[in-house]
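Contents: one structure, followed by commentary.
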There are 2 protein chains.
Amino acid sequence: MTPQEKALIEAKANVFKALGHPTRLWIAEQLADGERCVCEFVEKVDADFSTISKHLSVLKQAGVVVDEKRGKMVYYRLKVPCILKYMPCIEEVVQAGIQEHIDMLG
Amino acid sequence: MTPQEKALIEAKANVFKALGHPTRLWIAEQLADGERCVCEFVEKVDADFSTISKHLSVLKQAGVVVDEKRGKMVYYRLKVPCILKYMPCIEEVVQAGIQEHIDMLG
DNA sequence: TGCTCATATGGTAAAATCACCAAATGTTCA
DNA sequence: TGAACATTTGGTGATTTTACCATATGAGCA
């Protein structure tokens with residue numbers, strides 16, 4: 001594996017890792033139909049302002065979202081919306097796991 | 001958010017998390033064109049047998065791969081191949097980040 | 001049965017992640 | 001300018017992840 005290949009796979013893994021936290025995944029899904037300000041997330045998740053802010057920073061640094069400050073507020077949106085096209089496949093993985101679990105019990 | 005919704009998003013995040021490690025993502029990509037035995041991974045990655053085995057176990061428990069023992073060897077394959085279908089999008093995220101970095105320097 | 005090979009599991013120390021609190025920053029408005 | 005607001009940053013302790021080593025399991029073969 002060349003250093004370039006290694007760097008690429010690390011960057012890609014980093015994208016998955018960023019989405020690999022329930023709160024961050026939820027945030028990404030919230031951005032499906034457009035931008036949201038930070039305050040909207042804090043309102044809906046029962047978590048500290050700073051916690052949300054740090055999650056957003058992880059998503060931003062992974063390249064999943066971009067932010068824009070307008071007035072007092074900061075708005076976030078998906079940088080590369082195709083990310084969301086992934087979800088049906090992920091749900092398929094989850095469903096397969098659940099089905100297997102049911103089969104095992106039955 | 002209902003308990004069901006919460007459980008679903010946690011399960012989905014877990015799939016992303018499983019892919020969110022360079023070695024595990026690499027393993028998943030290796031499985032693109034069919035099954036591989038554990039020994040093949042160990043050969044190509046410079047890591048301990050037990051390390052690879054544990055990564056495989058994470059992927060398995062997340063529902064990404066399935067294993068099958070045949071004779072002395074254990075073979076792994078992708079359970080839900082669509083996982084790989086969206087790599088171009090992930091690469092797009094990464095590329096966008098790199099481009100931005102270049103622009104910033106230039 | 002006993003040996004060897006392929007893989008898994010348990011233990012452990014170092015590093016990373018997470019959520020909260022407190023304090024800093026930067027923006028608007030009086 | 002100064003108060004109020006939205007968000008970020010720094011610090012901390014608890015928990016999780018990771019990679020290695022040593023040991024266990026389980027299959028095939030002598």
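Order of the sequence lines sets the chain letters (A, B, ...), proteins ahead of strands, with each chain counted from 1. All heavy atoms count here, side chains included; hydrogens, waters and symmetry mates do not.
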Whole-Å gap separating [atom2] ([N]) and [atom1] ([X]):
{"X": "A:M73", "N": "D:dT8", "atom1": "CE", "atom2": "P", "result": "12 Å"}
{"X": "B:K72", "N": "D:dA30", "atom1": "NZ", "atom2": "C1'", "result": "12 Å"}
{"X": "A:R70", "N": "C:dT27", "atom1": "CZ", "atom2": "C1'", "result": "15 Å"}
{"X": "A:F49", "N": "D:dT8", "atom1": "CZ", "atom2": "C1'", "result": "10 Å"}
{"X": "A:D67", "N": "D:dA6", "atom1": "CG", "atom2": "P", "result": "17 Å"}
{"X": "B:D48", "N": "D:dT23", "atom1": "CG", "atom2": "C1'", "result": "13 Å"}
{"X": "B:F16", "N": "D:dT17", "atom1": "CZ", "atom2": "P", "result": "18 Å"}
{"X": "A:H55", "N": "C:dC18", "atom1": "NE2", "atom2": "P", "result": "6 Å"}

Both A:T23 and B:K69 contact DNA chain C. Taking the nearest nucleotide for each, which residue is further toward the 5' end?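 Closer to the 5' end of DNA chain C: B:K69.
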Report which part of the nucleic acid [X] touches: base, sugar-phosphate, or nothing (heavy-atom distance under 4.0 Å, all strands).
{"X": "B:S50", "result": "base"}
{"X": "A:Y75", "result": "nothing"}
{"X": "B:F41", "result": "nothing"}
{"X": "B:K17", "result": "sugar-phosphate"}

Over 60° means perpendicular and under 30° means parallel, so classify the ring planes of B:Y86 and A:Y86, tilted if in between.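 If you compare the ring of A:Y86 with that of B:Y86, the planes turn out tilted.
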Would you kindly compare A:I52 and B:A47 by the position of their nearest DNA chain D nucleotide and give the one closer to the 5′ end?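 Final value for this comparison: A:I52.
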When you measure from the side chain of B:T51, which nucleotide among D:dT18, C:dA19, D:dC20 comes out closest?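 Nucleotide nearest to B:T51's side chain: D:dC20.
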Shortest side-chain distance from B:S53, nucleotide among D:dT7, D:dT18, C:dT7: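 Looking only at heavy atoms from C-beta outward on B:S53, the closest nucleotide is C:dT7.
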Should A:I9 and B:I27 be counted in the same cluster of Ile, Leu, Val, Met, Phe, Trp and Tyr side chains packed under 4.5 Å apart?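 A:I9 and B:I27: one cluster.
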Can you find a donor-acceptor N/O pair under 3.5 angstrom joining the side chain of B:K54 to the base of C:dG11?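 Result: at least one qualifying N/O pair found.
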C:dA8 phosphate, OP1 or OP2, under 4.0 Å from B:Y76 side-chain N/O: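 For C:dA8, OP1/OP2 do have a side-chain N/O of B:Y76 under 4.0 Å.
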Less than 3.5 Å apart, which donor and acceptor atoms pair up between the side chains of residues 51-64 of chain B and the rest of the protein, not counting sequence neighbours?
from, atom 1, to, atom 2, distance (Å)
B:H55, ND1, B:R24, NH1, 3.0
B:K60, NZ, B:D67, OD1, 3.3
B:K60, NZ, B:D67, OD2, 3.1

According to disulfide bond (SG atoms under 2.5 Å apart), does anything in residues 53-106 of chain A pair up with another residue at least two apart or in another chain? List the pairs.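 Sorted pair list: A:C82-B:C89, A:C89-B:C82.
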A:N14 side chain to A:E10 side chain, donor-acceptor N/O pair below 3.5 angstrom: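 No pair is found: no donor N or O on one side chain lies under 3.5 Å from an acceptor on the other.
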